[in-house]
**Student:** 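Below you will find the structure I want to go over with you.
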Amino acid sequence: MKGFRAFLLRGNVVDLAVGIVVGAAFTSLVNGFVKAFLTPVVGLVSGASGDFSAKTFHASGVTFPYGVFIDATIGFVIVASMIYFLVVLPMNRMQERFFPKAASAPMRECPECLTAIPAAAGRCSACTAVVAPAVVAQGGAPDLGK
């Protein structure tokens, strides 16, 4: 029981549970918005009633409710776009602003195995060949002596 309690109280499990609950609530909110506002607008534009859930066709005595799929597709596209524009893009911008990517060291190829290694390296990390460090020019690019 102690191990189970430790598992439940780990931060990852709690964070995941909160994320799932918030995601379900967000999905129901967006689905309600789609059904109340966007589906009728699509219906106005397309000349239909706006409620696609009743749309069906029949073949060999079998009913295919394709309207349910259309409603689900519209809901999925709206949920995905709302998540992208309201969550993913702002988070990416915030990460770029507060955690800028560090400039990477200039690279060159190992003369023995052609693996990319840092220009200032004295030994290749892949084949362990001893290589002369490249002289870094004033502009920051390595002078490979070619």
Side-chain angles (χ1 to χ4, degrees), residues 1-48 50-53 55-57 59 62 64-146:
M1 206 56 182
K2 183 184 271 187
F4 183 67
R5 185 177 65 221
F7 168 74
L8 286 179
L9 295 178
R10 283 196 338 215
N12 299 355
V13 175
V14 174
D15 291 344
L16 181 62
V18 169
I20 289 172
V21 170
V22 170
F26 183 74
T27 301
S28 68
L29 175 72
V30 171
N31 283 335
F33 178 75
V34 167
K35 286 183 182 179
F37 297 105
L38 296 182
T39 303
V41 168
V42 171
L44 287 174
V45 171
S46 68
D51 182 15
F52 296 105
S53 62
K55 301 290 185 182
T56 61
F57 71 89
V62 177
F64 293 91
Y66 69 91
V68 174
F69 177 72
I70 292 174
D71 279 347
T73 303
I74 293 170
F76 172 77
V77 169
I78 298 300
V79 168
S81 61
M82 299 264 294
I83 288 174
Y84 180 74
F85 289 111
L86 298 179
V87 177
V88 174
L89 276 181
M91 287 301 294
N92 287 346
R93 287 186 184 140
M94 189 170 36
Q95 281 186 337
E96 288 172 1
R97 182 175 180 192
F98 293 115
F99 305 108
K101 293 183 179 178
S104 61
M107 302 294 280
R108 65 181 173 139
E109 288 185 346
C110 169
E112 297 292 323
C113 68
L114 302 179
T115 302
I117 60 173
R123 185 176 296 269
C124 176
S125 62
C127 68
T128 68
V130 176
V131 292
V135 177
V136 177
Q138 188 71 11
D143 180 16
L144 302 177
K146 291 185 179 178

**Student:** Any idea which heavy atoms bring Thr56 and Pro65 closest together, and the distance?
**Tutor:** CG2-CA, 3.7 Å
**Student:** According to side chain to side chain contact (heavy atoms under 4.5 Å, CB included), who are the partners of Phe69, at least two apart in sequence or on a separate chain?
**Tutor:** Thr73
**Student:** Of all residues at least two apart in sequence or in a different chain, which pass the side chain to side chain contact (heavy atoms under 4.5 Å, CB included) check with Ser125?
**Tutor:** none
**Student:** To the closest 0.5 Å, what do you measure between CD1 (Ile83) and OG1 (Thr27)?
**Tutor:** 6.0 Å
**Student:** Could you grab the distance from atom CD1 of Ile117 to atom CZ of Arg108, nearest 0.5 Å is fine?
**Tutor:** 4.5 Å
**Student:** Going by the rule side chain to side chain contact (heavy atoms under 4.5 Å, CB included), which residues pair with Leu86 if we only count those two or more places apart in sequence or in a different chain?
**Tutor:** Met82
**Student:** Does any pair with a residue in residues 17-41 pass ring-ring contact (aromatic ring centres under 6.0 Å, His included), and if so which ones, sequence neighbours excluded?
**Tutor:** Phe33-Phe37
**Student:** Got Pro118 and Met107 here, is their nearest side-chain heavy-atom distance under 4.5 Å?
**Tutor:** yes
**Student:** Please indicate whether Phe64 has more than 12 foreign heavy atoms, meaning atoms of other residues, nucleotides or ligands, lying under 6.0 Å from its CZ.
**Tutor:** yes
**Student:** Can you name the residues that form a side chain to side chain contact (heavy atoms under 4.5 Å, CB included) with Pro111, not counting sequence neighbours?
**Tutor:** Val131
